[in-house]
Every structure is written in structure tokens, then in C-alpha cells.
A.B. asks: 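I'd like to ask you about the structure that follows.
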Number of protein chains: 2
Amino acid sequence: MKSEKDDRRVKYTKMVLKESFIKLLSHKDISQITIKEICEDADINRATFYAHYSDQYDLMRKIENELFENVSVYIEEYTRNEANLDRVEMVEKIFVYLKQNAQLCRLFLGERGDMEFQKRIMTFIYEKNIDELMNAEGVSKETAEYIYAFTITGCLGAIQKWLDDGMKKSPRFMSEMLVKLAGGLPEVFVK
Amino acid sequence: MKSEKDDRRVKYTKMVLKESFIKLLSHKDISQITIKEICEDADINRATFYAHYSDQYDLMRKIENELFENVSVYIEEYTRNEANLDRVEMVEKIFVYLKQNAQLCRLFLGERGDMEFQKRIMTFIYEKNIDELMNAEGVSKETAEYIYAFTITGCLGAIQKWLDDGMKKSPRFMSEMLVKLAGGLPEVFVK
DNA sequence: AAAAATAATCAACATAATGTTTATTATAAT
DNA sequence: ATTATAATAAACATTATGTTGATTATTTTT
């Protein structure tokens with residue numbers, strides 16, 4: 001997953017292929033993007049593309065995995081840090097990250113992105129932040145699982161709206177809102 | 001959008017093309033499905049395919065629009081009916097519909113479906129059921145919009161889990177849960 | 001700095017899907 | 001029965017795909 005051990009030529013090749021793919025992806029759907037086109041834009045021989053990726057979708061998955069890895073490292077940095085952030089502060093940092101990587105996040109977390117990936121990364125983030133997972137009393141295990149599913153995708157929808165709206169509201173605003181919503185959901189059932 | 005005015009030959013052609021496409025779609029991703037393949041399975045000449053659709057994605061969109069239309073008609077029937085269903089009963093009917101059209105709904109509302117379509121249809125259903133849209137006091141318009149986005153996608157996530165779990169829980173169970181969750185969300189902010 | 005290892009390029013190739021056209025056949029509507 | 005329309009069949013040029021082998025360029029190792 002990491003290209004740490006790649007020599008410089010390989011690093012360069014992968015880098016420009018990814019850049020060209022992302023450039024094309026921001027103009028049209030992945031189904032309309034050809035390998036030929038990516039290679040021409042990147043000025044990389046098509047045979048070289050096949051040495052690294054099997055097709056556009058393989059390339060996309062590799063980029064997804066990198067994004068996941070980067071988010072993971074980013075979160076770890078704040079977690080093992082002396083910073084000792086509370087939950088709202090931690091989620092706020094996530095939104096700062098999304099804003100710093102706006103182009104990529106818009107493409108991969110937006111409506112046209114791969115929802116399987118989106119749920120995967122949202123679940124990861126959620127579990128890093130909410131430890132007392134589903135312990136509200138008076139809620140059955142099955143109901144709790146549905147609330148969980150509701151929350152994961154609900155947060156995703158809010159993030160998508162934020163990205164679509166040009167990230168106008170502050171990370172702090174978004175964080176406080178989502179923490180309140182996600183935390184308040186199980187209580188809706190108890191009362 | 002309706003094939004009411006099509007002659008019998010056209011109806012047949014469109015029908016078998018859709019059937020074959022859906023059959024293929026339940027085995028592999030749309031990006032791996034070729035027009036040639038659809039036509040061979042349907043035993044329809046490829047030139048005829050092009051007379052009706054531009055490509056697989058066009059065919060998919062047409063099926064999406066039909067599903068939307070069918071859901072719309074289904075809801076209307078219960079709405080203008082003398083039945084006078086309350087909200088929980090109405091949402092329950094939606095789940096009955098999903099179950100009756102399980103194969104199609106699994107494909108088009110599932111994780112691998114088109115999220116743009118999914119939000120579109122979820123928004124439509126939501127607005128048919130929740131009339132007192134976002135009127136909780138003490139919540140800003142902007143916050144209300146985010147709660148709305150959260151709710152739409154949250155419901156989608158719950159439905160996807162239900163479809164993935166083989167629709168074991170009853171429509172009644174799902175309806176009561178979602179109505180409670182969706183209705184309770186704004187209150188999380190007030191208190 | 002030279003040698004060895006590895007990556008990228010180039011050109012060529014077979015294969016397959018695409019999109020279009022034209023004449024012909026089959027079916028439906030009037 | 002006549003007319004209109006749809007589907008078929010066959011052919012075609014075009015394009016992308018995936019693979020190969022020889023050559024060139026770059027990096028790493030000694």
C-alpha cells in the first residue's frame with residue numbers, strides 16, 4: 001500500500017498517473033475515462049500503466065486505500081499525542097483534514113464516489129471516536145445496530161452536504177452538530 | 001418515461017433488455033457489463049439496443065426512473081385512498097414495497113447503487129411523509145438543513161442494512177424505528 | 001566511476017467492443 | 001389488405017484493450 005520502497009522512477013510514474021486520473025475524474029465519470037486517456041495526460045506509456053494497475057478501477061481503489069491510510073495516520077497522530085483532545089475537538093480535526101484535502105475528498109466522499117469505501121472510512125472514524133459503542137439501556141441489540149447504520153450514513157450525508165456547500169460552516173460547527181446528533185440518537189429511543 | 005405508447009415489439013425489446021441487464025447486474029458490476037453481452041443474453045440485435053439506449057448507463061438510468069415512478073404511483077395510491085393511513089402505517093407500506101421488489105431494490109438502493117438516485121428517491125419519500133418539515137424551535141435554518149441531510153442518508157443506511165440482512169425484521173418494526181429516529185432528531189438539539 | 005539491476009519506452013500485434021449504415025424480413029396498426 | 005414501423009443481418013471503420021519483445025534510460029550497487 002505504501003510506495004516507500006519504490007525507486008524514484010516508480011514513484012514518479014504512480015504520482016503522475018494518479019494526478020491525471022484525479023484531474024479527469026473531476027471532469028467526468030470514471031466509466032467515461034479510458035486508460036489511454038490517463039496515460040496521454042500523464043505522458044506515461046500505456047504498457048507502464050499495466051505494469052502497475054490493471055485498469056481505472058484498480059487505480060481508483062489504490063487511491064482510496066491511500067486516502068484511508070492517510071486519514072488513519074492523521075487520527076493516530078492526534079490520539080497518541082500529548083494533546084489529549086476531547087471528542088468535539090477530535091472530530092473538528094477530521095473536518096480540518098477534509099478541508100485541507102478538499103479536491104480528493106469531494107471526489108471520493110461525494111455522491112458520485114464509491115459508497116462501499118465511504119461506509120468503510122466513516123465506520124473507521126466513528127469507532128475511533130465513539131468508544132462507549134451502543135450502550136444505551138432499553139435498546140435491543142438489533143435496534144442498536146440499526147441506529148449505528150443510521151448514524152454512519154447520516155454523518156456521511158452531512159459531510160457530503162458540507163463539501164457540496166463549499167465547506168462554509170466551520171469545522172467546529174460541524175463537529176459540535178454531529179457529535180450532538182450521533183450521541184443523541186440512542187436517547188431518542190429511551191425516552 | 002412510460003412505454004405506454006410503444007407498440008408490442010418495442011415493449012418486448014425493452015422488457016428483455018432490462019431483464020438481461022438486471023440479471024447481469026446481480027452477478028457483476030455495471031462497468032464489467034458490455035452491450036454485446038446484454039444483447040446476447042436477451043437475444044436482441046445490437047443495432048436494436050442502440051435504437052433505444054445509448055449505453056449500459058443510459059439503460060440503468062431508465063430503470064432508475066421507472067423505479068422512481070413506480071414508487072411514486074404506489075405512494076399516491078395510498079395517499080389519495082380512503083385508507084387514511086397514519087405516518088407509521090405509510091412508511092410501513094414503503095417497506096412492504098421494498099420487500100415485494102427485493103431484487104431490484106437490492107441492486108439499486110444497495111451500496112453499489114447510484115447514490116445520486118438513492119438520495120433523490122429518499123428525499124421524495126421523506127417529503128411525502130413528513131409535512132411539518134423542520135419546524136423545531138431553537139434550531140437555525142442551516143442546522144435544520146444539515147439535520148435534514150443527516151436524516152435522508154441515515155434512513156438510506158438503515159434500509160441498506162435491512163436489505164443486506166435479508167429483510168428479516170418486519171416492515172412494521174422498521175417503520176416504527178425510522179419514524180421515531182427521524183422525528184426525534186430535531187429534538188436532540190432543542191433540549 | 002563502472003557494472004548490474006531495474007524501469008520505462010517504443011512499436012507491433014491480435015482481440016474485442018463500439019457505433020453506424022443499408023438492405024431485408026417480420027410484425028403491428030390502420 | 002395495405003401501410004407503417006420495428007427488428008434483423010451483415011458489413012464496416014474506429015477505438016480501446018491487453019500483451020509482447022527489443023531497446024533505451026535511470027537508479028542502485030559494488
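In what follows, every chain begins at residue 1, and chains take the letters A, B, ... in the order their sequences are listed.
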A.B. asks: May I ask you to verify if any side-chain N or O of Thr13(A) is less than 4.0 angstrom from the OP1 or OP2 atom of dA8(C)?
C.D. replies: yes
A.B. asks: Can you tell me if Arg46(A) touches the phosphate of dC10(C), counting only side-chain N or O atoms and a distance under 4.0 Å to OP1 or OP2?
C.D. replies: no
A.B. asks: Cation over ring, Lys180(B) on Phe189(A), under 6.0 Å and within 45°?
C.D. replies: yes
A.B. asks: Tell me: NZ of Lys36(A) to C1' of dT14(D), nearest whole Å?
C.D. replies: 11 Å
A.B. asks: Rounding to an integer number of Å, can you tell me how far Leu17(A) CG sits from dA7(C) P?
C.D. replies: 15 Å
A.B. asks: Calculate the interatomic distance between Phe49(A) atom CZ and dA7(C) atom P; express it in whole Å.
C.D. replies: 17 Å
A.B. asks: Cationic tip of Lys18(B) within the cone over Phe21(B)'s six-membered ring, i.e. under 6.0 Å and within 45° of the normal?
C.D. replies: no
A.B. asks: Calculate the interatomic distance between Gln56(B) atom CD and dA17(C) atom P; express it in whole Å.
C.D. replies: 12 Å
A.B. asks: Taking CG from Asp58(B) and P from dT18(C), how many angstroms apart are they, rounded to a whole number?
C.D. replies: 14 Å
A.B. asks: Output the rounded distance in Å from OH (Tyr50(B)) to C1' (dA6(D)).
C.D. replies: 18 Å
A.B. asks: Below 3.5 Å, does any donor atom in the side chain of Arg9(B) face an acceptor in the base of dT5(D), or the other way round?
C.D. replies: yes
A.B. asks: Of Phe68(A), Tyr97(A), Phe95(A), which meets ring-ring contact (aromatic ring centres under 6.0 Å, His included) against Tyr74(A)?
C.D. replies: Tyr97(A)
A.B. asks: Rounded off to whole Å, could you give me the CG-to-P distance for the Asp6(B) and dA29(C) pair?
C.D. replies: 11 Å
A.B. asks: Counting only side-chain N and O atoms of His52(B), is one of them less than 4.0 Å from OP1 or OP2 of dA6(D)?
C.D. replies: no
A.B. asks: Of all the choices, dT21(C), dA8(C), dA7(D), which nucleotide is nearest to the side chain of Ala47(B) once you look at every atom?
C.D. replies: dT21(C)
A.B. asks: Nearest of dG19(C), dT9(C), dA6(D) to any side-chain atom of Asn45(A)?
C.D. replies: dT9(C)
A.B. asks: Between Glu145(B) and Lys161(A), does at least one N-O distance fall below 4.0 Å, as a salt bridge requires?
C.D. replies: yes
A.B. asks: Round to the nearest Å and state the distance from Ile35(B) atom CD1 to dT15(D) atom P.
C.D. replies: 17 Å
A.B. asks: Quick one: do the Asn65(B) and Arg120(B) side chains pair a donor with an acceptor below 3.5 Å?
C.D. replies: yes
A.B. asks: Checking contacts here: which listed nucleotide (dT9(C), dT27(D), dA17(C)) is nearest the side-chain heavy atoms of Asp7(A)?
C.D. replies: dT27(D)
A.B. asks: Can you tell me which nucleotide in dT27(D), dA17(C), dT20(C) comes closest to the side chain of Arg8(A)?
C.D. replies: dT27(D)
